[in-house]
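Given the structure is predicted, the values throughout are model-derived calculations rather than measurements. These values consider heavy atoms only, across backbone and side chains, with no hydrogens, waters or symmetry-generated copies.
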Amino acid sequence: MIRLSKSCLSIREIRNVKRILKKEFLGMGAEVKKFEDELKAFFKRKVLCVNSGTAALHLALQACSIKRGDEVLVPAITYLATFQAISATGAKPVMCDVNLEDLNISLESAKKNFTKKTKAIIPVHFMGHPCDLDKIYKFAKEKKIRVIEDSAHAFGSFYKTKKIGSIGDINCFSFDGIKNITSGEGGCVVTNDKKILTKVSNSRLLGVIGESKKRYNGDRNWRYEVKEQGWRYHMSDINAAIGRAQLSRFKQLSKKRKILSKYYEKILSKNNKIFKIIKRDFSKEVPHIYCVIVKNLKKRGLLVKDLVKQNVQLGTHYYPGYKVKYYKKPKKFFPNVEKIYDKVITLPLHPDLNVKDLDLIVKKIKKSLNKKIYF
Ligand SMILES: Cc1ncc(COP(=O)(O)O)c(C=O)c1O
């Protein structure tokens, strides 16, 4: 089976994990601090690690004092985690339509959905493709709202000349098993805002004030002070050890993702009657996933099943958030999502693939589409 995505590990990750196991200290300690320092050098900004990208978003929102009665603007096309992080604070995720060209949040729709209750916007750099940050920050400044970038897909991507995470208000990354770098499970919050950093560093450890510093040194607070709701969201040294090895390999991992995506673009654009390519600049972005639009596709589910029979796993990113009961909203508010979402297929992409695999994948998809039953 050619897998849609996978963790791509080397001897370095294995050695690092062994080193931690031998210490018999598996909690949050010096290894997490080292990973944070290395990430700080990467982003040129302070970084706090947590146990998932969802936790990073939840804590960032909480640190911005977002609560019940507030509203947060978010694209309708994103992973469920983005919505759930918002609703975990008691606030309402207000879903917005997406741009047809890149599937990122439509600013026009965000403007329409803005109300007095809107406290933040979460642009999602879908696939690793950066949102139009100049326009988003201009809007946020005018409306005096926070910007929490969901950069789960965009580790290593650039907006113009600046690395995602090195600019802006607050950035949240995910290091789950299939991301551009993985720590097994994990995530981080990146910001320059000292108040946010203090809040997140406490709230990831049950809100215990100053607990992070103690943990870095293998210590803990026995008599503690807590002023806010906290969570058990800290990262473990095991996960940090995996993350550090991945970060040291990032140049090579990201290069491979770029080469493969460029190759997809090349072979798919030769078949422009069947496929519509989403224009991306792989000199600036590190693709987390590779999506393509199959023109006039009506039976996407059947196509995915047929490819599985041929040992190719496809993805369908993402099921629109307004279709699930918990967040139900009429589809008439999302003309662009409705036009496009069920024509998008995600092709296998991870650094252990090679261009020959891609030739085979596209050949099999084209052969399957020849059957015409999907249109
Ligand atoms: C766009 C997006 N946001 C948030 C998350 C949540 O990250 P995690 O799985 O690490 O909780 C993901 C994970 O897949 C994601 O794709």
Side-chain angles (χ1 to χ4, degrees), residues 57 61 66 70-87 91-143 145-154 157 159 164 168-169 172 276-280 285 288-298 300 315-346:
L57 288 166
L61 286 156
I66 284 158
D70 294 339
E71 292 179 355
V72 178
L73 300 168
V74 60
I77 297 272
T78 180
Y79 188 44
L80 184 59
T82 325
F83 310 127
Q84 292 259 306
I86 300 167
S87 46
K92 184 180 164 194
V94 175
M95 290 181 205
C96 303
D97 205 359
V98 300
N99 306 316
L100 280 176
E101 322 84 71
D102 61 7
L103 305 179
N104 276 337
I105 191 166
S106 150
L107 195 58
E108 202 184 314
S109 174
K111 285 178 181 167
K112 274 189 203 153
N113 281 302
F114 179 86
T115 73
K116 273 188 208 155
K117 294 179 186 171
T118 308
K119 294 285 153 46
I121 181 168
I122 303 190
V124 179
H125 305 298
F126 181 65
M127 307 180 295
H129 181 73
C131 296
D132 191 337
L133 290 178
D134 286 344
K135 286 189 182 151
I136 287 169
Y137 276 94
K138 185 169 174 272
F139 165 69
K141 200 174 169 193
E142 274 166 22
K143 301 293 185 190
I145 59 172
R146 302 292 307 233
V147 181
I148 300 168
E149 294 175 41
D150 182 338
S151 307
H153 292 192
S157 284
Y159 175 69
I164 297 285
D169 190 2
C172 295
K276 184 173 181 274
I277 281 157
I278 301 169
K279 284 214 177 81
R280 302 165 70 179
E285 63 184 91
H288 165 51
I289 52 175
Y290 191 92
C291 294
V292 67
I293 296 154
V294 181
K295 291 179 181 174
N296 305 314
L297 182 64
K298 293 224 167 68
R300 183 174 63 170
T316 56
H317 293 79
Y318 282 106
Y319 189 54
Y322 55 85
K323 292 188 186 285
V324 307
K325 271 194 188 144
Y326 196 48
Y327 301 116
K328 204 96 189 147
K329 202 173 161 183
K331 61 182 183 187
K332 68 174 181 196
F333 295 113
F334 308 94
N336 287 353
V337 176
E338 285 297 315
K339 219 177 267 174
I340 207 165
Y341 90 89
D342 57 356
K343 293 176 178 50
V344 176
I345 55 169
T346 311

Quiz item: For Lys92, does the NZ atom have more than 12 heavy-atom neighbours from other residues, nucleotides or ligands under 6.0 Å away?
Solution: no
Using a 3.5 Å cut-off and no angle test, enumerate the donor-acceptor pairs between side-chain atoms of residues 332-344 and protein atoms at least two apart in sequence or in another chain.
{"unit_1": "Asn336", "atom_1": "ND2", "unit_2": "Val98", "atom_2": "O", "d": "2.8"}
{"unit_1": "Glu338", "atom_1": "OE2", "unit_2": "Tyr322", "atom_2": "OH", "d": "2.6"}
{"unit_1": "Glu338", "atom_1": "OE2", "unit_2": "Lys323", "atom_2": "NZ", "d": "2.9"}

Quiz item: When you look at NZ of Lys295, are more than 12 heavy atoms from neighbouring residues, nucleotides or ligands closer to it than 6.0 Å?
Solution: yes
Quiz prompt | From Asp102 atom CG to His125 atom NE2, the distance as rounded to the nearest 0.5 Å | solution = 11.5 Å
Exercise. Mind running side chain to side chain donor-acceptor pair (under 3.5 Å) on Gln84 and Tyr79 for me, showing each step along the way?
Key: CA-CA 9 Å; Gln84 292 259 306; Tyr79 188 44; over 6 Å; no
Self-check item: Sole residue of Pro123, Ser151, Pro75 in side-chain contact (heavy atoms from CB on, under 4.5 Å) with Cys131
Solution: Pro123
Quiz item: Would you say the side chain of Ile278 lies within less than 4.5 Å of the side chain of His129, judging by non-hydrogen atoms?
Solution: no
Quiz prompt | Listed partners of Asp150 passing side chain to side chain donor-acceptor pair (under 3.5 Å), at least two apart | solution = Thr82
Quiz item: Just checking, any donor-acceptor pair under 3.5 angstrom between side chains of Tyr137 and Asp169?
Solution: no
Quiz prompt | Residue pair Val147, Phe139: steps toward the side-chain contact (heavy atoms from CB on, under 4.5 Å) verdict | solution = CA-CA 10 Å; Val147 181; Phe139 165 69; over 6 Å; no
Quiz item: In Å and rounded to the nearest 0.5 Å, what is the OG1 to CG distance from Thr78 to Leu57?
Solution: 8.5 Å
Exercise. To the nearest 0.5 Å, tell me how far Lys111 NZ sits from Thr118 OG1.
Key: 14.0 Å
Quiz prompt | Ser157 OG to Ile164 CD1 distance, which is reported to the nearest 0.5 Å | solution = 6.5 Å
Quiz prompt | Backbone N/O of Met127 and side chain of Arg280: donor-acceptor pair under 3.5 Å | solution = yes
Quiz item: So among Ile148, Asp70, Leu61, Val94, which one has a side-chain contact (heavy atoms from CB on, under 4.5 Å) with Ile86?
Solution: Leu61
Quiz item: To the nearest 0.5 Å, how far apart are CD1 in Ile121 and CD in Glu149?
Solution: 10.5 Å
Quiz prompt | Side-chain heavy atoms of Phe83 within contact of Tyr326, under 4.5 Å | solution = no
Self-check item: More than 12 heavy atoms from other groups under 6.0 Å of OH on Tyr318
Solution: yes
Quiz item: Any side-chain heavy-atom pair from Ile105 and Phe126 closer than 4.5 angstrom?
Solution: no
Quiz item: Leu107 versus Asp132: any side-chain heavy-atom pair under 4.5 Å?
Solution: no
